[in-house]
Amino acid sequence: MPWPVHIILKSSLLTDTEPIGNRFYGLYDAILNECFPTTQFTVMPQYATIDTSAIDFAITYVIEPLELESPVLFIEVKPPTHLSSITTRKSAENQVWSRFGILAHLVRIPKLYGISAMGRQLSYYTYDRPSGVVEPAALPDDLNVVVDTAPVERWDTNIMQEEGHTKFLAMVEEIKQMVRDLWYVLVYSGVQPLPHALPEIL
């Protein structure tokens with residue numbers, strides 16, 4: 001099943017030559033609110049990058065379940081023109097690593113997803129809470145040689161195409177299942193009462 005009409009319309013108004021990342025904020029805001037209903041989740045835009053030396057300042061969306069203080073997903077949004085440059089791809093990936101470092105101590109589910117979005121193209125990353133491992137692994141850099149540590153092939157899915165749409169929704173369902181599993185443990189062990197805003201989650 002494709003994205004709803006309002007999301008398709010927002011995407012149709014955007015071009016792959018758009019140099020300004022904030023033109024895509026409306027698209028991702030609509031997608032995230034479609035996938036993570038406000039009755040169950042909070043989608044929090046954070047407007048400043050965590051790296052003040054970064055090439056540009058872009059929005060990061062952090063998603064948390066209501067009444068459960070744990071990030072379950074974040075998305076860093078950049079313009080599609082950043083895909084063509086090694087430097088901008090490195091910068092985007094470094095911001096993802098940094099975001100994992102900032103959020104790691106808050107994570108309560110087994111896996112935190114992070115996404116670098118350049119226009120409609122997505123690169124997926126995961127932080128495994130038990131082991132602390134981030135995948136895909138960072139590639140070694142060299143100050144004396146130009147090394148492509150963030151190959152363009154990592155941004156291999158278009159969220160508006162069928163394959164990218166399916167992959168994104170599969171991730172969303174995995175996240176929701178992890179949240180349900182955590183609520184089961186918290187509620188039935190007596191650690192936390194049933195959330196008022198989420199009676200349907202269990």
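Computation of the quantities below employed the complete heavy-atom set of this structure, encompassing side-chain atoms and omitting hydrogens, waters and symmetry-equivalent molecules. One is the number of the first residue; the rest follow in order along the sequence.
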Examine Leu9 and Leu14 and state if one hydrophobic cluster contains both, with Ile, Leu, Val, Met, Phe, Trp and Tyr joined whenever side-chain heavy atoms are less than 4.5 Å apart. no
Below 4.5 Å, heavy atoms only, C-beta onward: do Ile115 and Ser123 meet side chain to side chain? no
Are any of the side-chain nitrogens in Lys90 or Asp141 under 4.0 Å away from the carboxylate oxygens of its partner? yes
Residue pairs involving residues 156-179 (criterion ring pair (Phe, Tyr, Trp, His ring centres under 6.0 Å); sequence neighbours excluded): Trp3-His165
Could you tell me whether the side chain of Ile8 reaches within less than 4.5 Å of the side chain of Met160, counting heavy atoms only? yes
How would you list, by chain and number, every residue that makes a ring pair (Phe, Tyr, Trp, His ring centres under 6.0 Å) with Tyr125, sequence neighbours excluded? Trp97
Which salt bridge (Lys or Arg N to Asp or Glu O under 4.0 Å) pairs, counting each pair once, include a residue from residues 151-166, with sequence neighbours left out? Glu93-Arg154
Glu64 vs Thr42, test: side chain to side chain donor-acceptor pair (under 3.5 Å). Steps then yes/no. CA-CA 5 Å; Glu64 289 188 356; Thr42 300; over 6 Å; no
For Phe24, all residues meeting ring pair (Phe, Tyr, Trp, His ring centres under 6.0 Å), sequence neighbours excluded: none
Could you go through Glu135 and Lys111, starting from their C-alpha distance and side-chain angles, then the distance that decides it, and tell me whether this counts as salt bridge (charged side-chain N to carboxylate O under 4.0 Å, His left out)? CA-CA 11 Å; Glu135 293 183 341; Lys111 182 194 300 182; over 6 Å; no
Not counting sequence neighbours, which residues clear side chain to side chain donor-acceptor pair (under 3.5 Å) with Arg120? List them please. Ser11, Asp16
Could you walk me through whether Leu182 and Leu68 pass the side chain to side chain contact (heavy atoms under 4.5 Å, CB included) test, one step at a time? CA-CA 9 Å; Leu182 179 57; Leu68 183 65; 3.6 Å; yes
Do Val96 and Val147 sit in one hydrophobic cluster, given that two such residues count as connected whenever their side-chain heavy atoms are within less than 4.5 Å of each other, even indirectly? no
What closest approach, in Å, do Leu66 and Thr39 show between heavy atoms, and which atom pair accounts for it? CD1-O, 3.4 Å
In the structure I gave you, are the side-chain heavy atoms of Val72 and Lys176 within less than 4.5 Å of one another anywhere? no
Phe36: which residues meet the ring pair (Phe, Tyr, Trp, His ring centres under 6.0 Å) condition with it, sequence neighbours left out? Phe41
Rounded to the nearest 0.5 Å, what's the gap from CD on Glu76 to CG on Asn94? Could you check? 11.0 Å
Can you name the residues that form a salt bridge (Lys or Arg N to Asp or Glu O under 4.0 Å) with Asp148, not counting sequence neighbours? Arg89
Could you tell me whether the side chain of Val185 reaches within less than 4.5 Å of the side chain of Asp181, counting heavy atoms only? no
Tyr28, Met44: one ILVMFWY side-chain cluster at the under-4.5 Å cut-off? yes
Within a strict 4.5 Å, meaning less than it, do heavy atoms of the Leu122 and Trp155 side chains meet? no
Closest non-hydrogen contact found for Leu169 with Cys35 is CD2-SG, 3.8 Å
Please name all residues satisfying salt bridge (Lys or Arg N to Asp or Glu O under 4.0 Å) with Glu34, sequence neighbours left out, ordered by chain then number. none
Gly26 versus Lys10, closest heavy-atom pair with distance: O-CD, 3.7 Å
For the hydrophobic clusters of this structure (ILVMFWY residues joined by side-chain heavy atoms under 4.5 Å, transitively), does one cluster hold both Ile86 and Met118? no
Val172 side chain near Leu73 side chain, heavy-atom distance below 4.5 Å: no
Please give me the minimum heavy-atom distance between Ser70 and Pro65, naming the atom from each residue. O-CD, 3.2 Å
Side-chain heavy atoms of Asn22 within contact of Pro79, under 4.5 Å: no
For Arg129, give me all partners under side chain to side chain donor-acceptor pair (under 3.5 Å), at least two apart in sequence or on another chain. none
Any chance you could lay out the side chain to side chain contact (heavy atoms under 4.5 Å, CB included) test for Lys167 and Ile159, step after step, and finish with the verdict? CA-CA 8 Å; Lys167 183 174 181 177; Ile159 196 169; over 6 Å; no
Checking the side chain of Thr157 only, and the main-chain atoms of Gly164 only, is there a donor and an acceptor separated by less than 3.5 Å? no
Would a single hydrophobic cluster contain both Leu106 and Val43, if residues Ile, Leu, Val, Met, Phe, Trp and Tyr are joined by side-chain heavy-atom contacts under 4.5 Å? yes
Any side-chain to backbone donor/acceptor pair from Asp29 onto Tyr25? Under 3.5 Å, distance only. no
Identify, with sequence neighbours excluded, every residue that meets salt bridge (Lys or Arg N to Asp or Glu O under 4.0 Å) alongside Glu18. Arg23
Tyr113 meets the side chain to side chain donor-acceptor pair (under 3.5 Å) criterion, sequence neighbours left out, with Glu174
Looking only at non-hydrogen atoms, find the nearest pair between Pro130 and Pro110 and report the distance. CD-O, 3.6 Å
Checking Thr88 side chain against Ser85 main chain: does a donor-acceptor pair fall under 3.5 Å? yes
Find out whether Asn33 and Thr38 are in side-chain contact, i.e. whether some heavy atom of one side chain is under 4.5 Å from a heavy atom of the other. yes
Sequence neighbours excluded, which residues qualify as side chain to side chain donor-acceptor pair (under 3.5 Å) partners of Thr15? Thr17
Go through it in stages, so that I can follow the logic: the residues are Thr60 and Ile75, the test is side chain to side chain contact (heavy atoms under 4.5 Å, CB included), and I'd like the CA-CA distance, side-chain angles, deciding distance and then a yes or no. CA-CA 6 Å; Thr60 299; Ile75 299 184; over 6 Å; no
Test your reading of the model: is there a side-chain donor-acceptor pair from Ser91 to the backbone of Thr87, 3.5 Å cut-off? no
